[in-house]
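One structure is given below, encoded as structure tokens.
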Amino acid sequence: MTHVVVVGSGIAGITAALHAAASCEVTLVTKAALDAANTTFAQGGVAAALFEDDSPAAHARDTLAAGAGLADPAAVDVLTREGPERVRELRLRGVAFDRDAAGDLARGLEAAHSHPRVVHADGDATGRVIEHALIAALRASGVRVIEHAFLLDLVVDDAARVGGVALLVAGRRDILLADAVILATGGAGQLYAHTTNPAVATGDGIAAALRAGAAVSDLEFVQFHPTVLAVGEPFLVSEAVRGEGATIIDDDGRRFLFDAHPDGELAARDVVARAIAQRMTRQNGRPVRLDATRVGASDAAAFLPRRFPTIDAAVGARGLDWAHQPIPVTPAAHYLMGGITTDLHGRTSLPGLYAVGECARTGVHGANRLASNSLLEAAVFGARAGDAVVPDAAAAAWPVISAPGVADVAITDRAAAAQSPAADAVPFSRAALQRVMWEQVGLARDAVGLARAAQALTGWAVHERTAHTVADHEDENLLLLARAVAAAATARTSSVGAHFRTDAPAAITTHPILAPAAPEPVRRVVFASDRMRSEHGSPLPARLEAS
Ligand code: SIN
């Protein structure tokens with residue numbers, strides 16, 4: 001029977017696993033606990049054309065417009081046409097989306113949507129509700145689950161076919177072979193000093209794909225969310241709050257966003273985030289303020305805790321009272337539009353390797369993702385990839401490895417890829433990398449800053465430390481990805497969407513699909529050929545125990 005390994009346990013990974021499990025054996029591995037995924041933290045909801053006054057075509061138009069001309073119309077068409085079916089599937093899996101007073105499915109408005117079409121659950125806990133429902137479905141499905149298994153690398157044979165994963169489990173390296181691997185490892189918000197993402201978002205799947213030689217694209221397009229609490233740890237304040245009527249004001253109490261765009265607070269996310277950052281520069285770095293005191297028919301004190309219970313708790317925990325006072329907010333890194341290049345079924349440039357969710361670049365987001373399209377993309381393309389693997393494996397020209405077998409692991413010494421530190425380099429630390437990325441490869445970029453970033457990033461070599469904890473591997477992944485993002489941002493010399501160059505603010509270029517964005521030495525875990533196996537009698541890799 002075909003065996004598929006899914007890496008990652010957010011909505012994309014679990015959806016892919018559940019779909020694949022209909023016709024094959026599936027193992028899902030994840031680096032931490034199952035619910036430690038970006039999905040759990042999603043607030044706003046899922047955008048889909050579910051209502052009679054809406055249509056997939058209107059949703060597609062909004063998605064294409066937000067993408068600043070760089071979204072792929074075919075991918076957007078799939079997203080918006082199949083989205084409603086995936087939302088219905090989530091409901092069948094037990095996700096109770098909120099209802100309004102009349103008992104109808106409730107829907108919110110978010111920035112750059114022409115219709116209110118964002119469905120949500122437990123107010124602003126949509127991701128948590130979805131994640132828990134999907135975990136329950138996964139537990140009941142027969143999919144083998146391995147938690148706390150960190151992806152070290154992809155197993156790639158001499159013909160560049162992916163046939164498994166190398167994992168670090170409880171301090172031990174191990175190999176799990178498969179006929180196909182679906183990466184659903186999420187994004188890389190931890191590249192930045194300020195982010196809405198949880199600690200697990202270190203770009204491990206994209207880094208592994210880069211090392212294996214997979215094509216990636218659009219890595220320069222990093223989305224910064226405009227409104228993150230500027231007191232205490234960064235905490236997302238959903239765009240849905242502005243959708244309910246909250247405004248953004250500066251030090252003078254002025255709604256300045258209409259200077260940037262006629263849609264003001266509901267302009268596309270890149271426009272709003274940039275305008276806020278510029279205003280903060282003008283007011284010596286002080287955060288702007290989100291004024292929610294008049295939402296909910298002017299009964300904010302009753303409305304806010306009911307509609308946004310999670311944010312309300314976070315605001316209260318910081319000693320703020322948002323029903324009566326505007327709260328300080330600032331932009332923070334939120335979402336990576338680029339990633340591992342895929343087709344419309346999650347297939348990557350490497351046979352046997354699929355990518356879904358935030359680690360993938362399907363083309364639906366272009367240069368700027370439309371609010372609440374991320375959970376939708378994960379569900380739509382997770383399902384497509386899960387459905388595609390078995391027919392692909394049956395039709396493939398490459399030999400199918402139908403059970404864990406013999407492997408001979410040759411991991412090139414990480415030190416071989418070391419580059420000598422630049423003379424003026426500060427020692428590597430994750431915090432130093434995050435600062436460089438925030439300052440030079442952040443909301444606004446220019447050639448000088450990007451060159452400085454490239455110099456710092458090139459000078460660092462994580463593996464000069466004795467590197468082999470999960471955190472060390474994460475650091476290595478972040479460094480590889482930071483170099484790739486900086487290289488992609490350098491290569492795109494004009495501004496478009498979330499990629500804003502202060503040295504070329506206006507022009508829009510055509511959209512190149514880049515091969516691996518930063519040429520890095522390719523390191524592969526290589527299958528032994530049959531011949532080598534019989535010569536060397538390699539041992540069977542230890543089987544991993546399911547949790
Ligand atoms: C939000 O709730 O503002 C975030 C939703 C998203 O990232 O699409």
Side-chain angles (χ1 to χ4, degrees), residues 10-12 37-48 59 62-63 66-67 71 79-80 83 87 97-98 106-113 116-131 186-189 192 194-198 201 221-229 234-246 248 257 265-273 276 290 292 295 304 307-312 314-315 322 327 329-337 357-358 364-380 497-498:
I11 181 173
N38 234 339
T39 297
T40 302
F41 300 89
Q43 293 179 1
V46 186
H59 187 187
D62 296 345
T63 301
L79 177 82
T80 53
V87 173
F97 288 104
D98 293 336
R107 51 170 161 168
L109 179 66
E110 289 186 20
H113 285 275
R117 60 166 74 94
V118 179
V119 292
H120 46 84
D122 277 5
D124 57 2
T126 312
R128 196 174 65 224
V129 172
I130 289 176
E131 182 71 14
Y192 288 92
H194 308 287
T195 179
T196 62
N197 289 191
F221 297 126
V222 178
Q223 181 166 76
F224 293 82
H225 197 285
T227 55
V228 172
L229 276 176
F235 191 89
L236 181 69
V237 180
S238 176
E239 208 151 272
V241 178
R242 277 173 283 135
E244 296 287 354
I248 303 279
L257 287 170
E265 281 85 0
L266 293 181
R269 195 171 279 177
D270 59 324
V271 174
V272 175
I276 290 177
L290 177 88
V295 303
L304 290 171
R307 174 68 180 85
F308 301 111
T310 316
I311 304 170
D312 188 66
V315 168
W322 67 329
I327 51 172
V329 292
T330 177
H334 183 58
Y335 188 88
L336 184 59
M337 266 78 70
E358 192 174 346
V364 299
H365 306 310
N368 177 51
R369 176 173 63 81
L370 184 67
S372 289
N373 266 356
S374 53
L375 295 175
L376 187 73
E377 183 205 26
V380 167

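Owing to the predicted nature of the structure, the values given are computational and were not obtained by experimental measurement. Whatever order the structure lists ligands and atoms in, that order sets their numbers, starting from 1.
- On a distance-only criterion, N373 and ligand 1 share no N/O pair closer than 3.5 Å.
- Atom 4 (C) of ligand 1 has as its closest protein heavy atom R269 NH2, 3.6 Å.
- Using a 4.5 Å heavy-atom cutoff, the side chains of F221 and D270 are not in contact.
- Of the protein's non-hydrogen atoms, the one nearest atom 2 (O) of ligand 1 is S238 OG, 2.6 Å.
- L370 and A111 get closest at one heavy-atom pair: CD1-O, 3.8 Å.
- Distances below 4.0 Å separate heavy atoms of G44 from the following atoms of ligand 1: 2 (O).
- For D124, there are no salt bridge (charged side-chain N to carboxylate O under 4.0 Å, His left out) partners at least two apart in sequence or on another chain.
- Looking at E239 next to ligand 1, an N or O pair under 3.5 Å apart turns up.
- Remark: ligand 1 and S374 share no N or O pair separated by less than 3.5 Å (distance only, no angle test).
- Considering all non-hydrogen atoms of both residues, F224 and R269 come closest at O-CG, 3.9 Å.
- Residue-to-ligand polar distances place H334 within reach of ligand 1: an N/O pair is separated by less than 3.5 Å.
- Judged as a side chain to side chain donor-acceptor pair (under 3.5 Å), and not counting sequence neighbours, the contacts of R242 are E239.
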